[in-house]
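Take a look at the structure below.
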Amino acid sequence: MLRHLLEAALRPAVAAVLPDADLNLVQVRPCPDPRFGDYQTAAVMALAKQRHLNPRQLAADVQARLDVQPWCNHTTIAGAGFLNFHLNPQTVANALAAAARGEHRFFQPTPAPRTVVLDFSSPNVAKPMHVGHIRSTILGDSLARTLRLLGHRVITDNHIGDWGTQFGMLIVGWKRSLNPAALNRDPFAELERLYQIIHAECRQNPATLEAARAELVKLQAGDDENRRIWQEMIRLSQSQFDTIYGRLGVHFDHALGESFYNPSLPDVVRQLIHQRVARESDGAQVVFFDDDPSLKPHPAIVQKRDGAFNYATTDLATLDYRLRTWHPDEIIYVTDARQQLHFSQVFHVFRRWHPDARVRLAHVWFGSILGEDGKPFKTRSGDTVKLADLLDEAEERAFQVVTAKNPDLSLDQRKEIARVVGIGAVKYADLLPNRQSDYVFSWDRMLALNGNTAPYLQYAYARIRSIFRKGQLAQPPSPAVRLDAPEEMALAKHLLNFGCTLETVAAEYRPNYLCNYLYDLAGLFTRFYESCPVLKADPPARASRVTLCQLTAQVIQQALDSLGIRVLDQM
RNA sequence: GCGCCCGUAGCUCAAUUGGAUAGAGCAUCUGACUUCGGAUCAGAGGGUUGCAGGUUCGAGUCCUGCCGGGCGCGCCA
């Protein structure tokens with residue numbers, strides 16, 4: 001968009017003054033404060049610093065060679081050497097008119113599409129999904145949506161925990177304590193009950209723990225009955241996951257669980273040993289990182305002394321499979337902060353195992369969800385909060401609010417609104433904070449109708465739809481755009497920045513930038529709404545304002561969709 | 001002990017990764033409803049960015065040392 005056009009004009013000007021400058025660093029971005037201008041570059045200062053030049057003088061030299069006539073009234077040099085671009089109002093109006101004609105949607109598809117594998121959510125079979133899964137699921141889904149919108153090829157893969165030592169215990173529990181009637185009634189509750197009693201039993205009774213080990217060995221050896229039970233548990237769990245993903249509107253292209261890689265683990269370790277990446281230590285196969293100071297104290301075990309494999313081995317096999325199957329340019333893992341060391345190890349081992357692989361590996365980590373007491377978020381009785389219960393409560397609370405605000409709507413309407421508002425509020429509260437910080441979970445804050453919340457944004461959208469209902473406006477927007485009022489111009493300019501925001505989200509894996517953009521957009525819209533009547537305006541202004549409303553609604557809807565949040569015509 | 005992360009207004013969080021006078025919401029106070037949805041908007045007060053140094057045109061952001069907190073550290077995932 002405009003930013004790219006300005007960058008494209010700026011680069012030759014910089015190159016003319018400094019022929020050896022790295023033009024990739026020459027970037028234009030929106031000004032933090034409209035008083036400075038509309039777009040700015042700080043690159044000239046950085047270049048001046050490298051070369052010990054006077055930054056303002058360098059900025060002036062670049063400015064003298066700069067031709068941005070088609071879009072800007074003028075450019076200014078300010079501060080220590082900022083170069084500020086001041087858009088021609090007609091340029092803004094033209095960009096909106098083009099959008100109204102359907103020529104663009106305020107962003108540009110990437111000129112260099114990549115294939116990206118996104119690994120997120122990863123619940124465990126036979127355990128309920130809980131708050132610990134929510135950030136991974138919501139962040140991962142949002143990144144997938146944003147990358148796809150920008151034109152990348154995205155493959156989402158749910159690495160379900162369907163293998164491991166817990167299945168020995170679960171099989172013992174299944175054989176000893178299964179209540180078939182309960183399983184029929186609420187399969188997942190029964191699975192959970194089994195897990196809890198057998199887990200407690202194993203802690204107290206070494207004989208039960210031994211029985212669990214024996215069942216695990218039988219399962220791994222392919223025992224028919226144990227495999228049947230195991231598969232049944234996976235099936236029941238998957239239907240439970242599907243229910244939750246359905247409520248969240250989250251979709252996976254693949255759900256290749258840990259067990260899928262089980263057959264390939266011996267070969268992974270064989271290769272690692274053969275390539276001298278791993279070596280024997282205390283009976284285990286271990287990768288040491290002698291050349292890396294930060295990892296030197298933390299060797300990675302890829303095969304345990306007893307011959308079993310662990311999660312590092314599975315993750316390596318998974319990487320290898322993804323590489324061979326999808327040939328991605330990038331693989332992204334969305335997990336909590338505690339797994340930083342693990343992924344650092346896995347990525348390092350992988351580089352030594354496949355030194356020629358070009359794939360970019362990213363661990364996108366996030367902080368914890370805390371309760372109002374600042375400790376990990378739990379129920380009043382101290383249990384982990386189940387995701388299903390959390391979503392129920394979100395919808396229930398949203399239903400109360402909708403019923404209080406809009407009692408005339410039918411029950412079905414209010415329930416549908418409560419679903420969209422409740423789920424949207426939970427998602428938005430999760431996406432809004434910087435992902436790397438912990439955040440305090442608060443129903444009251446996330447469901448508030450003012451402040452930076454999903455309901456506030458949905459409300460802004462609903463108000464626009466209300467104008468269209470009231471004015472019986474169904475026709476496509478008119479491309480005749482006039483931006484006379486300052487509120488109109490401010491709103492219009494912000495619409496132009498949608499694309500940069502999407503690009504930043506994708507580049508840094510931070511959907512919270514999009515949240516902040518949306519909040520600003522909604523604020524600018526309501527200011528426009530307060531001071532610029534739409535339906536009552538004279539015809540030319542009215543048509544232009546209808547267009548502004550239409551385009552704003554379109555961007556709100558598109559941006560919320562990138563966050564995985566739906567909009568409503570009424571709420 | 002070692003490593004990673006964090007510390008910003010009374011509270012909850014931002015700050016486009018080294019950019020311009022650190023911004024929002026809640027709470028407090030003052031205004032605006034014969035007005036397209038007041039579920040709103042306009043405004044006020046509130047800060048030595050944990051502390052002390054350093055790097056430079058410029059630091060909440062980078063480097064060093066403290067203080068306080070969270071998490072992780074060989075056969076769990």
Side-chain angles (χ1 to χ4, degrees), chain A residues 29-33 35-36 40 42 45-46 48-49 54-56 78-82 84 122 124 161 164-166 258 281-286 293-295 297-306 308-312 314-315 336-342 344 365 367-368 370 372 374-376 401-402 404-406 432-434 436-440 442 444-445 448-453 455-456 458-460 462-471 497 500-501 503-505 507-508 510 512-513 515-517 519-520 523 526-527 529-537 545 549 570-571:
Chain A
R29 63 182 179 203
C31 282
D33 186 323
R35 279 174 307 178
F36 301 135
Q40 65 164 223
M45 286 183 289
K49 183 168 193 165
N54 179 329
R56 283 189 70 105
F82 290 95
N84 292 322
S122 310
N124 293 310
T165 48
Q166 76 270 25
E258 292 171 359
S281 168
D282 288 339
Q285 293 299 332
V286 183
S294 68
L295 280 180
H298 305 290
I301 290 174
V302 293
Q303 186 172 22
K304 302 194 282 187
R305 192 177 0 201
D306 64 3
F309 306 99
N310 61 12
Y311 68 128
T314 308
D315 277 347
D336 69 84
R338 289 174 299 199
Q339 298 196 39
Q340 285 175 93
L341 176 59
H342 168 68
S344 176
W365 56 268
S368 316
L370 308 177
E372 311 245 14
K375 294 185 202 154
V401 176
V402 174
K405 299 284 184 191
N406 243 332
L432 176 63
N434 182 324
Q436 291 180 330
S437 54
D438 297 344
Y439 77 92
V440 175
S442 161
D444 290 339
R445 270 204 308 278
L449 303 149
N450 46 16
N452 198 347
T453 66
Y456 175 79
Q458 288 166 326
Y459 176 63
R463 279 171 129 186
I464 298 176
R465 299 308 308 158
S466 175
I467 291 175
F468 279 73
R469 269 197 308 279
K470 192 130 189 167
N497 290 338
C500 329
T501 308
E503 287 165 25
T504 313
V505 169
E508 301 186 13
R510 293 188 189 277
N512 66 307
Y513 292 146
C515 298
N516 292 331
Y517 171 83
Y519 183 57
D520 289 340
T526 37
R527 258 155 262 157
Y529 180 93
E530 295 282 331
S531 57
C532 302
V534 177
L535 297 177
K536 292 175 191 161
R545 287 174 181 175
C549 286
Q570 288 184 72
M571 59 185 279

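To find a chain, count down the sequence lines: A is the first, B the second, and so on, and within it residues start at 1. Since we're looking at a predicted model, the values are computed, not measured.
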### Query
Base, sugar-phosphate alone, or nothing: which one does A:Lys405 contact when heavy atoms must sit under 4.0 Å apart?
base
### Message
Within the 4.0 Å heavy-atom criterion, would you say A:Cys549 contacts the bases, only the backbone, or no part of the nucleic acid?
### Response
nothing
## Note on the structure
Expected string for nucleotides 15-26 of chain B under the B/S/- scheme (protein heavy atoms, under 4.0 Å, primed atoms plus P, OP1, OP2 as sugar-phosphate) is SBBBBBB--SSS
## Note on the structure
Sequence neighbours excluded, the answer for ring pair (Phe, Tyr, Trp, His ring centres under 6.0 Å) partners of A:Tyr517 is A:His494, A:Phe498
### Task
For B:A14 versus B:C6, give the span between their C1' atoms, rounded off to a whole number of Å.
16 Å
### Query
Which whole number of Å gives the distance between the C1' atom of B:A44 and that of B:U48?
23 Å
### Message
Which residues pass the side chain to side chain contact (heavy atoms under 4.5 Å, CB included) test with A:Ser531, not counting sequence neighbours?
### Response
A:Glu487
### A:Leu432 CG to B:A14 P, straight-line distance once rounded to whole Å
7 Å
### Summary
Whole-Å distance, A:Asp444 CG to B:A27 P, equals 10 Å
### Selected nucleotide, minimal atom distance to A:Tyr459 side chain, candidates B:A39, B:C36, B:A14
B:A39
#### Entry: Whole-Å C1' distance, B:U55 and B:C76
44 Å
### Query
A:Asp520: what forms a salt bridge (charged side-chain N to carboxylate O under 4.0 Å, His left out) with it, not counting sequence neighbours?
none
### Task
I would like to know whether A:Lys405 and A:Met571 meet side chain to side chain contact (heavy atoms under 4.5 Å, CB included); could you show each step before the answer?
CA-CA 9 Å; A:Lys405 299 284 184 191; A:Met571 59 185 279; over 6 Å; no
### Task
For B:C11 and B:U30, measure between their P atoms and round to the nearest Å.
24 Å
### Summary
With sequence neighbours left out, the residues meeting ring pair (Phe, Tyr, Trp, His ring centres under 6.0 Å) with A:Tyr311 are A:His342
### Task
Go through the structure and list residues passing ring pair (Phe, Tyr, Trp, His ring centres under 6.0 Å) with A:His298, not counting sequence neighbours.
none
### Message
Work out how far the P atom of B:G45 is from that of B:G38, and round it to whole angstrom.
### Response
28 Å
### Task
Sticking with atom C1', work out how far B:A22 lies from B:A59, rounded to a whole angstrom.
12 Å
### Task
Check every strand shown and say whether A:Pro55 touches a base, only sugar-phosphate, or nothing at a heavy-atom separation below 4.0 Å.
nothing
### Query
So, A:Arg56 side chain and A:Gly79 main chain: donor-acceptor pair closer than 3.5 Å or not?
yes
### Query
Taking the nucleotide of RNA chain B with the closest heavy atom to each, which residue, A:Ser466 or A:Arg527, is nearer the 5' end?
A:Ser466
## Note on the structure
Given protein heavy atoms under 4.0 Å, the one-letter contact record of nucleotides 70-77 of chain B, with B base, S sugar-phosphate only and - none, is simply -SSSBBSB
### Task
Sticking with atom P, work out how far B:C73 lies from B:C13, rounded to a whole angstrom.
25 Å
### Task
Describe the nucleic acid contact of A:Val534 in one word from base, sugar-phosphate, nothing, applying a heavy-atom distance below 4.0 Å.
base
### Query
Dot-bracket, RNA chain B: Watson-Crick or G-U, under 3.5 angstrom, [ ] crossing, | other strand?
(((((((..((((.....[...)))).(((((.......))))).....(((((..]....))))))))))))....
### Message
For a quick test of reading the model: is some side-chain N or O of A:Tyr456 closer than 4.0 Å to OP1 or OP2 of B:G37?
### Response
no
### Query
Has the side chain of A:Arg29 got a donor or acceptor atom that lies under 3.5 Å from a matching backbone atom of A:Cys500?
no
### Message
Under the rule for salt bridge (charged side-chain N to carboxylate O under 4.0 Å, His left out), what residues qualify as partners of A:Asp306, not counting sequence neighbours?
### Response
none
### Task
Apply side chain to side chain contact (heavy atoms under 4.5 Å, CB included) to A:Thr453 and list each qualifying residue two or more places apart in sequence or on a separate chain.
A:Ala448, A:Pro455, A:Tyr456
### Message
At less than 4.0 Å, is any side-chain N or O atom of A:Arg463 found next to OP1 or OP2 of B:G38? Yes or no.
### Response
yes
#### Entry: Counterpart residues, side chain to side chain contact (heavy atoms under 4.5 Å, CB included), relative to A:Lys536 (two or more places apart)
A:Pro533
### Query
For the pair made of CG in A:Leu370 and P in B:C11, what is the distance, rounded to whole Å?
15 Å
### Query
Is B:U17 syn or is it anti, if syn means the base angle is within 90 degrees of 0?
syn
### Query
If the P atom of B:C66 is compared with that of B:U56, how far apart are they to the nearest Å?
24 Å
### Query
Quick one: is B:C41 close enough that its OP1 or OP2 comes under 4.0 Å of any side-chain N or O from A:Thr526?
yes
### Query
Would a distance-only check, ignoring hydrogens and angles, find a side-chain to backbone donor-acceptor pair under 3.5 Å from A:Asn310 to A:Ile301?
yes
#### Entry: Sequence-distant partners of A:Tyr459, ring pair (Phe, Tyr, Trp, His ring centres under 6.0 Å), two or more places apart
none
